[in-house]
Amino acid sequence: MNTLTMLAISFQPAKVWTPDTGFSLDGLGIWISAILSLFIFSFLYKDNPLYKFAESIFVGVSIGYLVGIVYHNGIEANVYQVMVSKLDPATLKNLHYFQEIKYLIQHYHSLDYWPLVALVMGLLTLSPFLTARHAWLTSIPFAFYMGWGSGVAIPANMQAAILAQLYGTTYAFSVVGASLLNGTFNLWNLLWTFVMLLGIVATLWYFYFSAEHKGWLGGGVARLGIWFVMVGFGAAFGFTVMARVSLLIGRIEFLLKDWLGLITY
Amino acid sequence: MQFFERLQFIDRRILFLFLAAALILPFFFPFQQKILITQEVKNFHRTIDSLPEGAVVAISFDYGPSAMPEINPMARAMIEQIFQKNLKLITYALWQDGEPFSIQIPEELAKQHQKIYGEHYVTLGFKPGRVAVILQMGEDIHTAFPMDSKGTRISDIPLMKNIRNYSDLNLLIDLAAGADPDLYVGYAVERYHIPFQAGVTAVMAANFYPYLQTRQMKGLLPGLKGASEYEFMVTQANSRQVTQMMASQSLVHLIMVLFILLGNMGYFLTKSYKKQTQQKGRG
Amino acid sequence: MVTIAIPWFIVLGFAGFTVYALFKPPLRRWVAISIALAVGMYMFFQFFTTTETPAGEYFNEWFQRFNKWAIIISGLTVILAVGNLLKIHILKVKKLQPGWGYSFITLLALFTMSLFGILGIQFQKEGIPWYQWTFRWLWKTFNVALDSSMFALLAFFMASAAYRAFRARNMEASLMLATAIIVMLGRVPVGDYITSAFPTLTSWILMFPNLAAQRGIMMGVALGAIATSLKIILGIERPYLGGAK
Amino acid sequence: MREEEISFRKEYFIGRGGGGELRRMLNRLMGGLLLVSFSSVPAWAKGWQRFPLVDIERINVFVLSVGFIFVLLYFLSRARKGGSLYLRRIAGLDAMEEAIGRATEMGKPIYFINGLDPPHSISTIAAINILGLVARRVAEYEAPLKVPNVDPMTYAVEKETVKEAYIHAGKADAYDPDSVYFIAGTQFAYAAAVSGSLLREKPATNILLGYFYAESLILAESGAATGAIQIAGTDAVTQLPFFVAACDYTLIGEELYAASAYLTRAPLLLGALKAQDVGKILSIATLLMATFFTFLAYAFLPTVQESFKEFFLNLLRTA
């Protein structure tokens, strides 16, 4: 493959307008995207108006997008549609807004009113923006949500992050132990399983604050703990480098391929 | 001495230059690399592969455009495998930015495999609430998602008629850019005992290895490397895009390691040089 | 019949309490505290009940109802995000503070995107294609480009941070450095070309020492999360009161 | 009582009976107790007999959770009463003291940078607690302090904290109202502004405490480039590697809370920390015992009953 000719021939930037197909919104979108990306990248030099411009758009569109999608997928689907779930969707679909309201009032007895409780609670988040005196009402939905979240979090954490992890560690030892009898024993397995146990115990001990980390045992295990933690962080660091680079590659690919058309595949 | 010290403080523009070169060159001079498949990816592939025909797999799209380069190839390969094996597919998103992906990718691939919406696959769209949705899906998917992404009541969709909650699903997969797999393990796997695995960005990957050992996660696809391995397993070859991205990735890692080593060399040499001069001064 | 009425009494009781508290300021925070306590306790104990009896099913029904409410409420917290954004930026534009132009752009982007979002994702009524199309176009052009560029930026900072700040100062930093280098080389095919030890060693690191450290940290974090959750339920810690104490 | 009713109750109270021998034993115990206590229920209370009971599969989670509640409440009440609860000194605190001293000697400012989270998040609470003490020490030495902020609410709280600290140190006139300031409202703008001023002012000491996101990298790196002593602390696990790489001392995860609790003796933090410590030491003990005995039983006692071998596994089983 002659890569150099590929470079020379295939310079086909995205087209906003062509004589055959006329104006292309897709092409325009790619151009805008590319320019905004470059604005963002200009931050590498220093903070500048172009970057600030792109950033202010970002803040606006990300929340604006959230508004649209939550309105439909959160409120329309989970409040309105649940309320009318006993009614015929085909009939509702063909009604205009006022007819629909009239229809709903007529069929008030077959509506589900439970979602309204949540809707009212949720709308209380508006209170700080409407009245300073009753801004405290906003604490009600948050209290519900946090109480709810805390209630489910306690058993879930106990089960998944503590008991299951203890079980997993113990289970590894039962497997190694059984392997002694059934002839699949491997010294490395035993050793690595032991390293795992040591690492968990040492890490837990490192984060134990009620005793001084002194002496050959206390101090030594704590030191071992921080070493294990550092190995863990090292792995995370290596992985993070990988992730950030991937994101940049993805962006460069967009610029080279979709925008400039330098590569074609 | 100056030279050693300078090794520590090479202008970052030079570093960026090297970085940019390592990133861009493979796009024009692509090279294929050997793919070594890791155990967690093999497990991931096998979990889907061992499902019987007609089994139902749900995929949760919990990532935004920022994680697109890493996770989209996973999503594509995964849905490819699911359609190849004639499994049923349900997609949804717990991150608002994941919704477009959860709709576009299955639709694209469904066209290639002649799959019919509503019979072979369903896209349920986005739902706010994360933990709330995960829990409610365990009890009743029909009330967590009253409508699909197109606005049809999901009780009217043939595929969803017999699917009430997690016990009717054969596998749950999370494609995540954040800590959502933690939530799935805590609130779905332990509570409802559903087989679960995840494809995650590399940033989060190291955190999930404990779950592999406890089998709370059947398999894991960590970052772009995981995606490339998995894609290779599914299609027996890497797509051009992933090959090129991995090539860039390789070069960039090499450059980074080189620079880190250079910096540290400078650090140590400067330190030992200083020590030597100090001793001389004392003598 | 009585059992069906009980939850209504409870819900109406809380509503009544709230209305009463509107006129009795000292009582206000107790509304929130009692709601957090009641809901938290319910969710906690529900976990340990079976659903195999009618009574258990009834317990479960309320569990589901709370879940559904949580979905709706967490959706509505978008009000808070929008409200705060509007408050800050409208003020800035009004007073023509420095940088009000950017605020204006933010507001414009917010309004355009939410308008097309609400009109564009039409569910029940037949959608107007123009809106839908524009919405998808806006998302693809602005959200995708800006979000991914913002994070792609980090690669550069990452590189310069790794080079300039990553020194083997002491034993801990050296261990981290060594692991990071092994993982960086072990997770790309190039590492395998240098020596096949890199991928093997990487797998070992991830499956044993890394697993041990992550598990230790995970257990510690879980204990912390349980403690925090308990404090929230019992009203010892009241983050939900926020500024409005 | 009719036979079928007894069998119904047995089945009902004893539950699904999955799991191993230990769980079955527990099931029998619980079921038996309940059977006895319910056999004399009067007819009018019959409806209550059908009230849902504990899912026996999850009894271990229940016992541990409830146990933890009591431990937590005990330590919280002791901490509130001002009882003597021992916490070891965190090494990072000495480093912090030293760093403040160095800044005074050099006459350069000290930067206190806290994360993006609002003031009610636990890491921000810990950071603000430490800020109070740092500010007091800084006031005593009369070194300049800078606290750039991103969250308006945190900004308001920290302003008060610093002011109080100066008054407490008897240096109210030395307090500079501009030392705590609002610098930017969004993540990257904040990172850019702070790293810009770090590079300009070249502070002697940077203290980064709180919950950080992707901006941690930019902040820590530009701080390291200026040659400042950097002390960081966060419980954001994904950001910790960067701090460890770029800072001279890092408070890892819970060390941040511990440092805060150690310095301020704030009952909320202290009590929770002690309860977590009990949880940790119990976990360590369980781990050592369970792995040791399970390994021995599986490796050297082939003839022993399966239920004995699985004793600990059953105790810990959740699925």
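In what follows, chains carry the letters A, B, and so on, assigned in the order in which the sequence lines appear, proteins first and then strands, with residues in each chain numbered from 1.
For chain D, the nearby part of B:R12 is the side chain; its heavy atoms alone come within less than 4.5 Å. Of the two parts of D:Q239, neither the backbone nor the side chain holds a non-hydrogen atom closer than 4.5 Å to a non-hydrogen atom of chain B.
Listed in order of number, the residues of residues 195-219 of chain D that approach chain B to under 4.5 Å between heavy atoms amount to none.
Below 30°, between 30° and 60°, or above 60°: for B:F196 and B:Y184 the angle between ring planes is below 30°, a parallel geometry. Ring geometry, B:F101 versus B:Y63: the interplanar angle falls under 30°, so the pair is classed parallel (tilted spans 30 to 60°).
Side-chain contact between B:I173 and B:F44: present, with at least one pair of heavy atoms (C-beta onward) separated by less than 4.5 Å.
For the side-chain contact (heavy atoms from CB on, under 4.5 Å) with B:Y230, the qualifying choice from B:T38, B:V242, B:V41 is B:V41, the only one to do so.
D:F68 meets the ring pair (Phe, Tyr, Trp, His ring centres under 6.0 Å) test with no other residue; sequence neighbours excluded.
The shortest non-hydrogen separation linking D:A99 to D:I229 is CB-CG2, 3.9 Å.
Two rings, from B:F126 and B:F61, have their centers 6.0 Å or more apart.
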